[in-house]
Undergrad: 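Before I ask anything, let me first share the structure, which is written out below as structure tokens.
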Amino acid sequence: MPRFSVIVPAYKLQAHLHACLESVLSQTYESDESPAFDLEVIAVDAGSPDSCGEIIDEVAARDPRVVPVHLPPDPADPGQGPGAARNAGLARATGEYVLFLDGDDILAPHALRDIADRLKASGDPDVLVFGHAHTHWSGGTERPTLPSHLTESGPASFQLAERPALLRQPTPCWNKAYKREFVEREGLAFPPGRHTDTFWTYASLLSAGSLSTLERVCVHHRRRRGPAAASGRPFDLFPQYDRVFDFVDSRPGLSGWRPVLARRMADHLAAASADVLTAPGLSARTRAEFFRLARAHYGRHRVPGAAGLRYAGIRFGTYRTYRVLRGIRSLRGRARALASAVLRPARSAALRLHYRVQLRLPVRDDLAVFAAYWNRGYACSPAAIEAKVRELVPAMRTAWVTTPDQDATVPAATRRVRPGGFGYFSALARAKYLVNNVEFDHRLVKRPGQILLQTHHGTPLKRVGLDLTDRPAASRGTDFARLLADADKWDFVLSANRHATLTGERAFPAAYTTLEYGSPRNDVLRRATPADTARLRERLGIPGQSTVILYAPTYRDYSRGQHLPLDLERLGRALGPEFFLLTRAHFAHDAPLSPTPLPRVLDVTGHPSVEELCLVSDALVTDYSSLMFDYANLDRPIVILDDDREAYEAARGTYFDLRGCPPGAVARTEDELIDIFTTGHWRGSRSAQLRAAFRARFCPYDDGYAAERVVRRVFLGETGTAPAARNLPEQRVRGKEFAAATTHSGAGR
């Protein structure tokens with residue numbers, strides 16, 4: 001007897017069926033008793049007019065674990081829903097547990113193994129509920145999973161009364177594993193029509209004697225393109241809920257669940273009503289009929305004293321009433337749009353006039369304006385310089401350009417300026433000092449007496465500036481004439497090393513002065529204490545003695561989406577419990593590298609300071625990111641993953657061959673990366689030698705005082721502040737030891 005029967009109905013899904021079946025057949029779960037046949041896949045052709053049946057037969061011919069089932073088409077109701085196909089699969093199932101999967105869904109790697117482990121740990125419950133994620137038809141992935149208060153806590157199973165919130169979760173049948181013996185004992189089957197998951201899920205949860213949960217996302221469910229509700233389909237909700245309440249009425253012991261189910265029905269009908277109101281192709285009469293039936297249905301099944309509806313139109317109103325209210329809202333929206341159409345040009349004209357007036361007023365010698373990363377918050381070298389200005393030039397007033405959502409990152413003593421507003425243009429017009437690591441507004445008029453300091457944001461490995469003129473994938477949308485015009489406004493450009501100086505002066509040819517002073521954003525890396533690092537690790541919730549790896553890839557110009565070469569779950573499992581992984585996506589994506597939470601993996605994409613993340617980590621894994629040049633200051637291991645070197649070079653290009661001058665070990669595949677860590681090569685003597693050479697070349701001035709040198713030269717006018725290249729002192733303790741030095745002494749708590 002196989003452990004699992006996975007039932008896959010298919011109707012007009014030929015483009016996705018291969019991937020679905022392969023995701024099941026490639027599962028790693030095997031039993032000791034029958035490793036080859038511990039899984040059966042019952043693929044059901046639901047009378048599909050396309051090639052689904054042929055695909056099923058083709059896969060079954062080469063894999064004996066696949067059981068093909070063909071249902072005749074129903075001319076009266078083509079595409080009659082998956083219920084009949086699932087029932088046909090149940091009739092053929094022989095496994096201990098049954099799972100359902102739609103023909104365009106994907107079973108996550110190793111999902112069956114984790115499900116089997118959880119079933120065994122919780123005593124083989126009747127139903128196991130596991131996490132799932134929705135994948136948009138265009139490729140994006142949402143991040144839903146089981147809430148933490150519903151996930152497993154210890155090995156024991158439980159009854160529904162202990163966690164009734166499970167009834168408030170979505171009702172698909174494909175995010176659960178069902179004991180086949182339980183299904184047969186209770187006589188469970190899918191009813192006809194659409195929305196059959198509604199009855200099946202409530203009936204199985206209510207009748208299960210034991211339940212268990214698994215937080216891990218096991219199924220990626222594909223959201224199909226098209227309207228949310230097609231003609232006639234929403235009406236199938238009514239008979240399905242009638243069946244749910246008939247099921248409850250047939251079992252007196254379940255009567256106490258009626259109020260909960262009535263509220264769930266109300267929420268479901270309210271959501272369906274919103275779809276009906278916006279679905280194309282439905283007549284006003286059809287919409288009105290749905291409202292009428294929804295009100296009647298709620299009145300028939302509601303329980304006196306139970307909570308009312310969120311959507312009052314079902315309980316109290318009519319479709320006609322709703323149309324009146326919608327008309328009022330539409331008129332309000334049009335009025336706002338009209339006002340905006342009139343006010344927006346007027347505001348733009350007022351801003352232009354305001355800026356021209358401000359440009360005629362004197363430049364303020366005591367005002368400095370800072371920004372970074374297109375106004376994304378207090379960060380990078382501009383932040384380090386701003387802090388040093390407040391320390392060394394107390395008479396200077398500083399302002400930071402930022403959006404409201406980044407206000408918390410800006411020090412309280414620093415004035416906040418909103419980009420594009422009147423205060424913004426006043427600041428640009430009158431501040432003597434302007435500091436940024438990208439560009440200010442292109443409308444900036446550089447005035448005599450103003451000083452503009454361009455800090456850039458890291459040592460360049462990837463090509464920049466005019467070096468992208470022959471790289472259309474990387475330079476799309478770049479106005480090179482404007483780029484040069486902006487560079488002509490720069491008075492000073494900050495450089496971390498000779499390579500950055502020479503590269504910058506070629507890529508941004510203009511009459512500025514280069515300050516080869518080191519990188520101010522790295523001052524904190526050179527000057528942080530063990531107590532600082534210990535506090536940071538505690539704040540992030542990193543387990544005490546974990547070895548922390550920071551994974552921070554850069555973006556790809558040749559790809560619209562994120563480049564995801566690593567299976568983070570597999571990586572964490574291969575490294576073992578000693579390791580803890582921090583993942584940080586590039587700010588161009590601003591989305592996590594993993595769509596779902598994983599054990600011993602913490603997404604830190606939204607953390608405001610990458611420098612803090614460097615301090616708490618014991619090693620860096622990256623690809624072509626300039627972060628490697630900063631991280632080298634810590635003298636901690638760096639591992640390069642360049643799995644797509646040829647594609648990256650063709651699209652963007654680099655200034656030198658990273659494999660010829662790496663900061664540490666280089667991996668070309670995920671397997672090589674795992675091998676580097678499991679064999680200890682990541683922190684071996686050869687990696688240390690490569691890192692030392694890399695530091696000597698690219699970090700000659702980073703000694704913790706770069707920001708001070710900049711402030712003394714630019715803001716105080718002191719000369720003779722340029723540093724001499726030197727051999728920097730070694731960082732005596734690293735990552736985990738750096739934090740432990742304080743933790744063990746009792747300091748920093």
Undergrad: Please say whether more than 12 non-hydrogen atoms of neighbouring residues, nucleotides or ligands are located less than 6.0 Å from CD in Gln159.
TA: no
Undergrad: Show me the pairs that pass side chain to side chain donor-acceptor pair (under 3.5 Å) and involve residues 89-103, at least two apart or across chains.
TA: Arg3-Glu96, Glu40-Thr94, Arg86-Asp102
Undergrad: So, Ser212 side chain and Leu119 main chain: donor-acceptor pair closer than 3.5 Å or not?
TA: no
Undergrad: Give the intermediate values and the outcome of salt bridge (charged side-chain N to carboxylate O under 4.0 Å, His left out) for residues Asp623 and Lys462.
TA: CA-CA 11 Å; Asp623 38 37; Lys462 64 191 78 170; over 6 Å; no
Undergrad: Could you tell me which non-hydrogen atom of Ser204 sits nearest to which non-hydrogen atom of Phe182, and how far apart they are?
TA: O-CZ, 3.5 Å
Undergrad: Kindly indicate, with the supporting measurements, whether the criterion side chain to side chain contact (heavy atoms under 4.5 Å, CB included) is fulfilled by Leu613 and Leu540.
TA: CA-CA 9 Å; Leu613 302 177; Leu540 286 171; 4.0 Å; yes
Undergrad: Applying ring pair (Phe, Tyr, Trp, His ring centres under 6.0 Å), can you list everything that pairs with Tyr648, at least two apart in sequence or on another chain?
TA: Tyr624
Undergrad: Could you state the interatomic distance from CD (Glu611) to CG (Leu627), rounded to the nearest 0.5 Å?
TA: 8.5 Å
Undergrad: Please identify which of these residues, Thr201, Leu261, Thr171, meets the side chain to side chain contact (heavy atoms under 4.5 Å, CB included) condition with Val244.
TA: Leu261
Undergrad: Go through the structure and list residues passing side chain to side chain contact (heavy atoms under 4.5 Å, CB included) with Asp643, not counting sequence neighbours.
TA: Arg556, His563, Pro565, Leu641
Undergrad: Flag the pair Leu39 / Pro2 as yes when at least one side-chain heavy-atom distance between them is below 4.5 Å, and no otherwise.
TA: no
Undergrad: Should Val59 and Leu25 be marked as a side chain to side chain contact (heavy atoms under 4.5 Å, CB included) after you check the CA-CA gap, both sets of side-chain angles, and the distance that decides it?
TA: CA-CA 10 Å; Val59 177; Leu25 296 172; 3.7 Å; yes
Undergrad: On a heavy-atom basis, which atom in Pro49 and which in Lys12 lie closest, and how many Å separate them?
TA: CD-CG, 3.6 Å
Undergrad: Applying side chain to side chain contact (heavy atoms under 4.5 Å, CB included) to Leu575 and Ile549, what does each step give before you reach the verdict?
TA: CA-CA 10 Å; Leu575 295 182; Ile549 299 174; 3.6 Å; yes
Undergrad: Just verifying a value: how many Å separate Leu602 CG and Thr583 OG1, rounded to the nearest 0.5 Å?
TA: 7.0 Å
Undergrad: For the side chain of Arg216 and the backbone of Gly131, is there at least one donor-acceptor N/O pair under 3.5 Å apart?
TA: no
Undergrad: Can you tell if the side chain of Leu17 reaches within under 4.5 Å of the side chain of Val8, non-hydrogen atoms only?
TA: yes
Undergrad: Without swapping roles, check the side chain of Asp45 against the backbone of Cys52 for a donor-acceptor pair under 3.5 Å.
TA: no
Undergrad: Between Glu670 and Asp567, which heavy-atom pair has the shortest distance, and what is it?
TA: OE1-N, 2.5 Å
Undergrad: Okay, side chain of Arg691, backbone of Ile638: is any donor-acceptor separation there less than 3.5 Å?
TA: no
Undergrad: Could you tell me the separation between the OG1 atom of Thr547 and the CH2 atom of Trp682, rounded to the nearest 0.5 Å?
TA: 5.5 Å
Undergrad: Give a yes or no on whether the backbone of Arg113 and the side-chain of Gln27 come within a donor-acceptor separation of less than 3.5 Å.
TA: no
Undergrad: Sub-3.5 Å donor-acceptor pair from the side chain of Ser210 to the main-chain atoms of Asp126, do we have one?
TA: yes
Undergrad: Give a yes or no answer on whether the side chain of Arg600 reaches the backbone of Gly572 with a donor-acceptor pair at less than 3.5 Å.
TA: yes
Undergrad: I need the minimum non-hydrogen distance between Asp124 and Lys179, along with the two atoms involved.
TA: O-NZ, 2.9 Å
Undergrad: Does the side chain of Asp630 come within less than 4.5 Å of Val610's, by heavy atoms?
TA: no
Undergrad: For Asp57, check side chain to side chain contact (heavy atoms under 4.5 Å, CB included) against everything at least two apart and list the hits.
TA: Pro68, His70
Undergrad: Please examine the side chains of Gln240 and Thr196, heavy atoms only from C-beta on, and report whether any two atoms are closer than 4.5 Å.
TA: yes
Undergrad: Any chance the side chains of His110 and Glu569 put a donor and an acceptor closer than 3.5 Å?
TA: no
Undergrad: With side chains defined as the heavy atoms from C-beta onward, is the minimum distance between Thr554 and Leu461 less than 4.5 Å?
TA: no
Undergrad: Quick check: do Arg264 and Tyr202 have side-chain heavy atoms less than 4.5 Å from each other?
TA: yes
Undergrad: Within the structure provided, determine whether Leu658 and Asp642 are in side-chain contact (heavy-atom separation under 4.5 Å).
TA: no
Undergrad: Does the side chain of Glu58 come within less than 4.5 Å of Ser51's, by heavy atoms?
TA: no
Undergrad: Would you please say whether a donor-acceptor pair under 3.5 Å links the side chains of Ser617 and Tyr631?
TA: yes
Undergrad: Report the residues that fulfil ring pair (Phe, Tyr, Trp, His ring centres under 6.0 Å) with Tyr178, sequence neighbours left out, ordered by chain and then residue number.
TA: Phe100, Trp200
Undergrad: Roughly how far, to the nearest 0.5 Å, is the CG atom of Asp671 from the CD1 atom of Ile676?
TA: 11.0 Å
Undergrad: Between Arg584 and Val604 (side chain of the first, backbone of the second, donor and acceptor by atom type, cut-off under 3.5 Å), is there such a pair?
TA: yes
Undergrad: Can you name the closest pair of heavy atoms from Ala203 and Leu188 and give their distance?
TA: CB-CD2, 4.0 Å
Undergrad: Which heavy atom of Leu107 sits nearest a heavy atom of Cys218, and at what distance?
TA: CD1-O, 3.4 Å
Undergrad: Quick one: does Arg537's side chain have a donor or acceptor within less than 3.5 Å of a partner on Ser546's backbone?
TA: yes
Undergrad: Taking His221 as the fixed residue, which of Asp104, Asn175, Asp105, Thr135 is the one that meets the side-chain hydrogen bond (donor to acceptor under 3.5 Å, both in side chains) rule?
TA: Asp105
Undergrad: So, taking the atom named CG in Leu550 and the one named CG in Leu582, what distance separates them when rounded to the nearest 0.5 Å?
TA: 6.0 Å
Undergrad: Apply side chain to side chain contact (heavy atoms under 4.5 Å, CB included) to residues Phe677 and Val621 and explain how you reach the verdict.
TA: CA-CA 11 Å; Phe677 278 97; Val621 175; 3.7 Å; yes
Undergrad: With sequence neighbours excluded, tell me which residues meet ring pair (Phe, Tyr, Trp, His ring centres under 6.0 Å) with Trp257.
TA: none
Undergrad: Roughly how far apart are Arg185 CZ and Arg180 CZ, rounded to 0.5 Å?
TA: 12.5 Å
Undergrad: With a 3.5 Å cut-off and no angle check, do the side chains of Thr605 and Asp603 form a donor-acceptor pair?
TA: yes
Undergrad: Keeping the roles fixed (side chain from Ser122, backbone from Ser157), state whether a donor-acceptor pair exists under 3.5 Å.
TA: no
